[in-house]
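First up is the structure itself, then whatever we jot down about it.
Note that these values count all heavy atoms, side chains included, but never hydrogens, waters or copies made by symmetry.
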Amino acid sequence: MNKMQKDTKFLSNIFVKNINNKYKSIPLNTRINFVGETRYFPSDFKEWTNSVYYFNSNNIKNFPVYDLNVSKLLKGYFDLYFNRENIKSNYKSYEKKDFTAQALNKIFVSKPEIKHTNSKAIITIYVYNRERVILLNKLNQLNIGILGLNKFFYLCKKISGDLYSKYIKQVLYKEFLFLRRSKLKLNLNGLKFQDKFLFKLSKLISKFYKKKVEFNIINLKSINLNPNIFTEIMAKKFMNRNASIMQIMKFILDKSIILNEDVEKSRKIKNVNLNLIENKYKNLNINSIVTDGDINDNIKEFYTKNSEDTIFDSIKYKNLGGIRLEAKGRLTRRYRADRAVSKVNIKGGLKNIDSSYKGLSSINFIGKINSSMEYSMDISKRRVGAFAIKGWISGK
């Protein structure tokens, strides 16, 4: 028997063995193995502050310069103030305030994140309105003080009418004048967020990009939720040569609320998540999922049950996982160019929880930066030299 005959006999034996097997119908989209969680894809413009695509590269060659001008324009817009002659006060501009307390009583704005479409540009900015908080506290204190003075002067009126009129002119007039100034500043603070003023600002910015501009303003409740804001505040505080670097860093870190710091102590064992839809049902066809009852009611219940909780849980990096502060440069208290000072303080951790501890796949920004982390740097200078403030925050 030659080699060809042996091969044909071997193939025929295989065919005979399998010809009596029963036919098995395998449905489509059948899940035999358990699957893990899907990779989290963050927003595109989180990686680049300006996400835009043009077929002709000549249209975007000036965009880096435009972004710097837009950032300066936004900060100048939110720093607007009344002329001191109109409100009759010794008000100083922000350029002349240096490191005084009034320089920090303003609206802090982060760097703009710009997302371009064919017809418009969406500008996302994070805002911490410190000026509004301080003005409201002042107005409450003024109201309490004026009520107390009014009661005191009412008693003085019964004793001496001349004394009452004298104090009304000198004391209460100053209190009401200061109250008027505070209300005017508070009204200006609210006008900056109204559509009719933002519309005029969008007209100026549209001249750069040659398209419509929309604003997405996010008000922050704390300064530590955006690194661009707290690095700017730290740079202004460090302008005072008597300021303590570590105390300012500790002040920023104390405002940070870190949840579940014990998560980063040990690596979590990778288990199968049976709550995922792919693991609950081996066949993802609707007919196999819905078995009893009315199909329409079951489908509606299946897709609408806990929809809000499901969407909220799907958003990652909601909570603050860690914050790191670093200051380097000429930060000595003496008026001489001593050796550069380097100070670092950290709270929590900056590692990506999914990739470092849960064993899940994650995406990096620009090839090396964790998608759960944001970074910012602010540069300033003093009389003896320059210094830089760096800030990192991570989410979990």
Side-chain angles (χ1 to χ4, degrees), residues 49-50 65-114 120-142 176-209 211-223 225-237 239 376 378-380:
T49 55
N50 196 332
V65 180
Y66 294 161
D67 294 343
L68 294 176
N69 294 332
V70 169
S71 179
K72 292 180 181 178
L73 187 61
L74 288 172
K75 289 186 177 181
Y77 170 78
F78 285 102
D79 287 344
L80 291 175
Y81 58 90
F82 283 113
N83 190 352
R84 62 178 183 174
E85 296 179 356
N86 295 334
I87 59 176
K88 298 180 181 180
S89 67
N90 297 324
Y91 188 86
K92 295 182 180 180
S93 63
Y94 290 117
E95 296 178 355
K96 297 181 180 179
K97 286 180 182 178
D98 296 333
F99 52 83
T100 58
Q102 292 182 354
L104 298 174
N105 300 341
K106 53 176 286 187
I107 302 175
F108 292 95
V109 185
S110 67
K111 292 182 180 179
E113 298 174 352
I114 307 172
K120 61 183 178 180
I122 303 173
I123 299 178
T124 302
I125 53 176
Y126 296 87
V127 172
Y128 176 66
N129 197 346
R130 179 180 172 86
E131 183 182 18
R132 178 177 174 81
V133 175
I134 292 176
L135 288 175
L136 289 176
N137 291 333
K138 284 184 178 180
L139 288 174
N140 292 331
Q141 294 175 2
L142 284 172
F176 280 113
L177 186 62
F178 191 70
L179 181 66
R180 172 179 171 271
R181 294 171 187 167
S182 300
K183 285 186 176 181
L184 283 174
K185 294 178 182 179
L186 185 63
N187 292 333
L188 178 62
N189 184 282
L191 289 174
K192 294 176 184 178
F193 296 93
Q194 290 189 3
D195 294 337
K196 56 183 179 181
F197 285 89
L198 291 174
F199 176 74
K200 295 181 179 180
L201 178 63
S202 65
K203 288 293 185 181
L204 296 176
I205 300 177
S206 62
K207 294 180 180 179
F208 293 107
Y209 302 117
K211 59 177 69 174
K212 294 182 180 180
V213 174
E214 290 185 2
F215 292 102
N216 183 19
I217 301 175
I218 301 173
N219 288 297
L220 301 178
K221 294 183 178 181
S222 179
I223 60 176
L225 298 178
N226 190 276
N228 295 315
I229 293 176
F230 64 71
T231 52
E232 182 182 356
I233 293 176
M234 290 176 63
K236 289 183 178 294
K237 285 182 174 291
M239 292 294 294
S376 177
D378 200 306
I379 301 174
S380 185

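Residues Tyr128 and Lys221 are not in side-chain contact: their nearest non-hydrogen atoms beyond the backbone lie 4.5 Å or more apart. Between Glu214 and Ile123 the shortest side-chain heavy-atom distance does not fall below 4.5 Å. A 4.5 Å side-chain heavy-atom check between Lys185 and Arg180 finds every atom pair outside the cut-off. The closest side-chain heavy-atom distance from Ile229 to Leu220 is below 4.5 Å. Here the side chains of Ile233 and Phe108 are in contact, with some heavy-atom distance below 4.5 Å. Annotation: side chain of Ile205 is not in contact with side chain of Tyr77 (no heavy-atom distance under 4.5 Å). With contacts defined as side-chain heavy-atom distances shorter than 4.5 Å, the pair Met239/Ser380 qualifies.
Residue Ile134 holds its CD1 atom at 11.5 Å from OG of Ser182, rounded to the nearest 0.5 Å. Between Leu135 atom CG and Asn105 atom CG the span is 8.0 Å, to the nearest 0.5 Å. If you take NZ on Lys120 and OG on Ser202, they are separated by 12.5 Å, rounding to the nearest 0.5 Å. Atom CG of Leu186 sits about 16.0 Å away from atom CZ of Arg181, to the nearest 0.5 Å. Rounded to the nearest 0.5 Å, atoms CG (Asn226) and NZ (Lys111) are 10.5 Å apart. Here Gln141 contributes atom CD and Leu139 contributes atom CG; the two are 9.5 Å apart, rounded to the nearest 0.5 Å.
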Contacts under 3.5 angstrom, residues 187-201 side chains, donor-acceptor by atom type, not counting sequence neighbours:
residue: Asn187; atom: ND2; partner: Lys183; partner atom: O; Å: 3.1
residue: Asn189; atom: OD1; partner: Asn129; partner atom: ND2; Å: 2.8
residue: Asn189; atom: ND2; partner: Asn129; partner atom: OD1; Å: 3.0
residue: Asn189; atom: ND2; partner: Glu131; partner atom: OE1; Å: 3.1
residue: Lys192; atom: NZ; partner: Phe78; partner atom: O; Å: 2.9
residue: Lys192; atom: NZ; partner: Leu80; partner atom: O; Å: 2.8

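The residues Lys237 and Glu232 are annotated as not salt-bridged, no charged nitrogen and carboxylate oxygen being separated by less than 4.0 angstrom.
Applying the side-chain contact (heavy atoms from CB on, under 4.5 Å) test between Ile217 and each of Thr124, Ile125, Val109 identifies Ile125 as the sole match.
The salt bridge (Lys or Arg N to Asp or Glu O under 4.0 Å) test applied to Lys211 returns no partner, not counting sequence neighbours. Annotation: side-chain contact (heavy atoms from CB on, under 4.5 Å) contacts of Asp67 (sequence neighbours excluded): Asn50, Ile114, Tyr209.
For Val70 against Pro112, the heavy-atom pair with the smallest separation is CG1-CG, 4.5 Å.
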